[in-house]
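Lettering follows sequence order; numbering is per chain, from 1.
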Amino acid sequence: GYYLKPLQASLIRAGIQPKGWAFDAMLAGYVLQSGRSSYPLPDLVQDYLGERLPTEDTTGESGLAAYTCAEAAACLRLEQVMSQQVAAMSCADVLYRIEVPLSEVLARMELAGVAVDVAYLHQLSDVLEALLRAKESEVYTLAGEPFNIASPKQLGQILFEKLKLPVGKKTRTGAYSTDAEVLEQLAAEYPICRSILEYRELSKLKSTYADVLPRLVHPSTGRIHTSFNQTVAATGRLSSSEPNLQNIPIRSEAGRQIRRAFVAAPGNRLLSADYSQIELRLLAHVSGDERLLQAFADDRDIHAATAMLLFGVPEEGVTPELRRKAKTVNFAVLYGMSDYGLSLELGMSVGEAHAFIENYFRQLPGVRRYLEETLAFARQHGYVTTLYGRRRYLPEIHHANRNVRQAAERAAINSPLQGTAADIIKLAMIDLDRRLRQEGYRARMVLQVHDELVLDAPAEEVPALAELARECMSGVARLRVPLKVDVEVGDNWAEMEKFMG
DNA sequence: TCGGTCACG
DNA sequence: ACGTACGTGACCGAT
Ligand SMILES: [Mg+2]
């Protein structure tokens, strides 16, 4: 078929459980070319069969029937051609063991939805409204006139022309940048910038979450049903939309108040199971770097261990500041960051940042070797792969423009790690979903946030479920490092306690 | 529809 | 001399 997930949702609602699914042309299109922006059936028919799907004429019953039959016939022929190509690029496992079975799991998760406390969000919205009005007056007073704070254009004129604040950076189009980084720089000297930052934080929370989520509660289920998009992210990750439930705030205290609105069903609890440092563990696995492998074998705090290596200090010499620097360097490696990028991030000279990176590679030579081999592979073949063979094409790896080319190089380094992590959690979801059904749990998987699964579970199932989730998530891949999974339980998604086991 | 901004992993 | 870390989605203002 093509885009089976809605059909799977209908069948689940009707209580019909097919044994399995053979083929989905949309998912095959994604596995063959994950960089496309979309996979309309007429495009697939044109590109893989060299044929034209008849133009959609669904006027009247006969038109609809004719077009639907043409679609069905096209899917059957697409399966022949596309499955050959998928096999030829060694992606059969990715399509048939990951994407096709995952589709039905996602359908179940979307149908299950997640409960939110609507009354609480309405209260929160009112509080945010009051705080915003106060913050707004503060800004107007400091500016000497009212204006639209939400307009970066007006804000730039007020700050950099009327008040003559020093211009930090310009945007790509040459306008004054007023982003958080610029305002943070100025905030110590100019209180209006602090006020604007606070206004922005509250405004974001209100307009994107507090005011929107209540409207998306489905009238018949009383829950929010996101869409998990399976063919959007070029790396193999899922995305979530309408609403996006993969970017619910957590980092700031005010943000966590939004997250508190996500609750368990009555009598239930929320269980969250997330992979600990999965991308760095994968880096250890694929690079084979001895010290990185050992650090994870010993279940060390990886950022602290990196700090000890980088700065040559004993464990008790790792200050929070050194750990923070080491953490930034670890991220820098995962993202293929340059010494220039690292210098900006750590507020040091390019030379110092360069020395940091050199020292990192001297201590972890396997990592340097892996990164260089990955880049060489990308240049030779024009693509990179995950541990399971998922491919991402990077044609811009040979681009004449250096910025464009270097962006492709960073993607070449990051995609195998981000993509393998995506493969692993997808496999875990398929396994966990099967176990939940086979073993008669009433718990439902409700959310996936890249390295985290959230389940809504009867309180009495929690102890067994915690073990099951751990087992499925850590056992799905046998690597040279353990895949550590942290489990937390709570009545809402913000206030969770570690589950021991 | 685009640019700027900001929420998440 | 140059240089915006990887991957997403949503909101607002301006056009
Ligand atoms: Mg984690």
Just checking [X]: base, sugar-phosphate only, or nothing, at a heavy-atom cut-off of under 4.0 Å?
X        : answer
A:Ala332 : base
A:Gln154 : sugar-phosphate
A:Asn247 : base
A:Leu342 : nothing
A:Glu452 : nothing
A:Ile258 : nothing
A:Lys153 : sugar-phosphate
A:Ala180 : sugar-phosphate
A:Ala175 : nothing

Whole Å only: how far is the [atom1] atom of [X] from the [atom2] atom of [N]?
X        : N      : atom1 : atom2 : result
A:Gln277 : B:dG9  : CD    : C1'   : 12 Å
A:Leu238 : C:dG9  : CG    : C1'   : 14 Å
A:Lys170 : B:dT5  : NZ    : C1'   : 18 Å
A:Ile196 : B:dG4  : CD1   : C1'   : 15 Å
A:Ile149 : C:dG13 : CD1   : C1'   : 14 Å
A:His354 : C:dC2  : NE2   : P     : 20 Å
A:Glu409 : C:dC2  : CD    : C1'   : 15 Å
A:Asn229 : C:dG9  : CG    : C1'   : 9 Å

[X] bridged to [Y] by N-O distance under 4.0 Å:
X        : Y        : answer
A:Arg259 : A:Glu495 : no
A:Lys426 : A:Glu99  : yes
A:Arg368 : A:Asp289 : no

Identify which nucleotide among [options] has an atom closest to any side-chain atom of [X], counting heavy atoms from C-beta outward.
X        : options              : answer
A:Lys204 : C:dG9, C:dG13, B:dC8 : C:dG9
A:Arg237 : C:dG7, B:dA7, C:dG13 : C:dG7
A:His450 : B:dT5, B:dG9, C:dG3  : B:dG9
A:Asn244 : B:dG4, B:dG9, C:dA10 : C:dA10
A:Asn403 : C:dG3, C:dA14, B:dC8 : C:dG3
A:Arg410 : B:dG9, C:dG13, C:dC6 : C:dC6
A:Asp339 : C:dG7, B:dC8, C:dG3  : C:dG3
A:Arg200 : C:dG7, B:dC6, C:dG9  : B:dC6
A:Ser207 : B:dG9, C:dC11, C:dG3 : C:dC11

Do other residues, nucleotides or ligands put more than 12 heavy atoms under 6.0 Å from A:Arg470 CZ?
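Atom CZ in A:Arg470 is packed in, count exceeds 12.
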Take atom CD of A:Glu198 as the centre, draw a 6.0 Å sphere, and report whether it contains more than 12 heavy atoms from other residues, nucleotides or ligands.
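Yes.
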When you compare the side chain of A:Val114 with that of A:Trp493, does any pair of heavy atoms fall below 4.5 Å?
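No - every pair of side-chain heavy atoms lies 4.5 Å or more apart.
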For B:dG4 versus C:dT4, give the span between their P atoms, rounded off to a whole number of Å.
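To the nearest whole Å, 15 Å.
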Please confirm whether the shortest side-chain N or O distance from [X] to OP1 or OP2 of [N] is below 4.0 Å.
X        : N      : answer
A:Asn414 : C:dG7  : no
A:Thr178 : B:dT5  : yes
A:Arg251 : B:dA7  : no
A:Ser177 : B:dT5  : yes
A:Lys206 : C:dC11 : no
A:Thr208 : C:dC11 : no
A:Ser151 : C:dA14 : yes

Aromatic ring pairing A:Tyr39/A:Tyr30, orientation class (parallel under 30°, perpendicular over 60°, tilted between)
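It falls in the perpendicular class, over 60°.
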Do A:Phe311 and A:Phe356 have their ring centres less than 6.0 Å from each other?
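They qualify: ring centres under 6.0 Å apart.
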Hey, does the side-chain of [X] have a donor or acceptor N/O within less than 3.5 Å of a partner on the base of [N]?
X        : N     : answer
A:Gln418 : C:dC6 : yes
A:Arg392 : C:dG7 : no
A:Arg402 : C:dC2 : yes

Taking the nucleotide of DNA chain C with the closest heavy atom to each, which residue, A:Val232 or A:Glu181, is nearer the 5' end?
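Residue closer to the 5' terminus by nearest nucleotide: A:Glu181.
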Counter-base of C:dC2, judged by Watson-Crick or G-U geometry with both distances under 3.5 Å:
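Base-paired to nothing in any strand shown.
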